[in-house]
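Input: a single structure, listed below in structure tokens.
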Amino acid sequence: MSSILIEAIQTELGATERWPDDVRLYQPYPNEQIVFPDYASCLSVKTFLHMCGLKFGVELRTNAEEMSPSGKVPFVKIGPFLVSEIEPIIAFINTRGFQLNQDLTDTQRSEMKAYMSLVESVLVNSELHLAWLNPEVVNEVTKMRYGSVYAWPLDKILPWKKQREVRSRLDSVGWAKKSIDEVCDEISTCCQALSERLDKQQYFFGDRPTELDAIVFGHLYTILTTSLPISRFAEVIREFKNLTDFCQRIDQKYFKDRQNDY
Amino acid sequence: MAGDGEMELHVWKGDWNLPSVDPNCLAALAYCKFAGVPVCVKKTNNPWKSPSGELPVLIHGKVTETSINNIFGYLRKQNWGSDFDLTNKQSADVIAYTSLLEEKLLPALLHSWWIDGKTYVDVTRPWYAKAAPFPLNFFLPGQKQRQASDRVYTSKGIGENVLDTEIDAKIYKEAKECLNHLSYKLGDQDFFFGSSPSSLDALVFGFLAPILNAPLPGSQLTNHLRGCPNLCSLCTKIIQRFFPPSAEDIDTHKKEKQEEKKMSDASLDFPHKKRNMFLSAIFAAIAMVGYAFMSGLVQIEVVDEEKESSPSPAKPSEPSNFEFQPLFTEDDEQQEDS
């Protein structure tokens, strides 16, 4: 969300100080509070920052969602700027001269955008669907976690309000009425496409990572490792061997080897 | 092929030299043409024909498919496809670009058709009100507008501190980027994947052709799309090659033009000029006659009646002849009596 003026100011200030030392990424508490769709987007952003080799600190806030300029987590504070959500963050960091996709041709960049929106539309929507519309998961996991940091009666009201928001969002894109089988089919089609694209390469576009790799890793890794009452999504993804290998590779390289936190 | 009856495809009718005005209908029509599906196209303009309330709808025997993805999927299962020559990687690209179109371009398209005030009032609402059948035409445009605004605003911003204008700026920016990406992907090829069209070409055509051909006043999308010549030529190529104007269309087009020529500019502004003149002449005549009766003529009549009624008891059986001539005869009789 930024007008041309704000973009101009961002570039101007960015020229003097490309990456300040006190960059902070704000997110809810990962062990107790965060819901897994949010966790996936936080992990995507962190992976992207690690891939760029940028240093940042993580700040845990119970009200990170309310602090965010767009109402979504995570958001980063870079100097005087607050930027939220993965795509604006990537665009912002690109204006600072850190780019992962400078070696790509225009066609490849266009394909990268297409696959990014595939992940955004299919994986994000199915995560939201599972987390907020599946009765079993909502009652056993999501509402408990989301409400855990608030006192009664807020711990009942806020999850209910959030659920309504998510339902209307999914309804507007025609996902609210999908059954779990249909959602699994969507994920399967999406993974099929990603798997074909990845093939036997190390990353989606050759041997250098791009933001697509960060996003795919963030979502697939979250779905594979989160333990939920319903684990059908993970089963669907495990059918694609090269995708699970890909997740392990990135996990090893950017998190385990460098002892970074998730 | 199942072979149970012929396939029917119900769509919105066309305008502005397009076979249909709705993106999804256009895409479905284009796909059928690409794959050579023997489908019977019905321009019903009635979304109540469809179980989901959306056109296009494909009816084949007992099967009814509504959304564009389901229609493509069904046709593919029936072995009617334009994508069989694609490699696996290209099929993956089709899926990815489909979601790019739906995520990035669709919101801006809906915005410029349904939410932009001027276009909605001048173009969209009159068009759908005219096209839809009787009871629907009153509420269909409003209903479709609500759906569009849901799709654009609810899915884009959940936070309360995001303004609608910010969302507008964002979706148009994304849509322009999306057009650029499509243009890069197409490059200087004939179609997205070489020399023969695929389902992606059908979808892109469905989205772009209305932006290009419809009279959207001052639309940012139209201007931006004109700046991507390869996408424009893709649209015109598809129209020329797969939708040549049929004899019927040419006839109706000619008739429309002739009618337009017949009507002068003034008669376009006042289509009921003659009728109005006639009515006002009648009104003036009635008013004048009424005034005449009220003021002058009425008295004369009353006098006449008194004259006639006082002697009339003598001859009560004759009032039917009471006009002009009997006056004299009666007078004569009276004179005779006296």
Side-chain angles (χ1 to χ4, degrees), chain A residues 1-4 6-7 65-72 84-85 87-88 91 104-125 128 162 164-175 177 185-186 189-199 212, chain B residues 52 54 66-67 69-70 73 86-107 110 146-163 165-170 173-174 177-187 189 192 200:
Chain A
M1 306 285 148
S2 52
S3 68
I4 296 165
I6 295 176
E7 270 170 27
E65 224 173 29
E66 280 77 39
M67 291 165 72
S68 160
S70 73
K72 289 178 191 163
S84 70
E85 292 181 65
E87 278 191 45
L104 302 185
T105 62
D106 281 342
T107 318
Q108 283 178 321
R109 213 167 284 157
S110 136
E111 284 165 4
M112 186 188 77
K113 284 281 174 192
Y115 281 93
M116 275 166 70
S117 68
L118 175 69
V119 173
E120 285 283 307
S121 64
V122 176
L123 292 185
V124 173
N125 283 341
L128 287 173
K162 175 80 179 174
R164 247 184 30 165
E165 278 173 7
V166 172
R167 190 189 297 275
S168 70
R169 174 181 165 175
L170 289 179
D171 203 23
S172 71
V173 287
W175 274 69
K177 292 196 185 73
D185 285 348
E186 293 274 355
T189 325
C190 170
C191 288
Q192 179 80 47
L194 289 173
S195 168
E196 290 292 348
R197 180 79 226 184
L198 181 63
D199 207 13
L212 176 64
Chain B
S52 71
E54 293 283 336
T66 51
S67 90
N69 284 332
N70 294 346
L86 300 185
T87 62
N88 287 346
K89 213 169 186 181
Q90 287 173 328
S91 308
D93 282 357
V94 171
I95 298 173
Y97 276 93
T98 307
S99 68
L100 180 74
L101 286 171
E102 275 170 19
E103 277 284 294
K104 307 289 183 195
L105 190 57
L106 184 63
L110 288 174
R146 271 193 304 281
Q147 282 171 354
S149 119
D150 253 19
R151 173 71 179 82
V152 172
Y153 293 119
T154 321
S155 64
K156 282 291 159 186
I158 285 188
E160 287 147 8
N161 40 6
V162 183
L163 297 175
T165 48
E166 286 177 325
I167 294 179
D168 294 353
K170 189 182 170 202
K173 195 172 147 228
E174 284 181 351
E177 277 170 11
C178 172
L179 289 177
N180 291 345
H181 291 313
L182 287 174
S183 175
Y184 290 141
K185 176 74 186 167
L186 181 59
Q189 306 171 88
F192 275 95
L200 179 62

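Quantities reported herein were computed from a predicted structural model and do not represent experimental measurements. Labels below follow one simple rule: chain letters A, B, ... track the order of the sequence lines, proteins then strands, and each chain is numbered from 1.
For the atom pair CD1 of B:Ile95 and CG of B:Leu200, the computed distance is 11.0 Å after rounding to the nearest 0.5 Å. Once rounded to the nearest 0.5 Å, the distance linking CG of A:Leu194 with CG of A:Leu118 reads 5.5 Å. To the nearest 0.5 Å, the span separating CD on A:Glu111 from CG on B:Asp93 amounts to 5.0 Å.
Between chain A and the options B:Glu102, B:Lys89, B:Gln147, the largest number of non-hydrogen pairs under 4.5 Å is found for B:Lys89.
With a 4.5 Å cut-off on non-hydrogen atoms, A:Thr105 does not touch chain B at all. Contact of A:Gln108 with chain B is not made at all, since no heavy-atom distance falls under 4.5 Å.
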(request) Tell me, with the steps shown, if A:Arg169 and A:Asn125 meet side-chain contact (heavy atoms from CB on, under 4.5 Å). (result) CA-CA 9 Å; A:Arg169 174 181 165 175; A:Asn125 283 341; 4.0 Å; yes
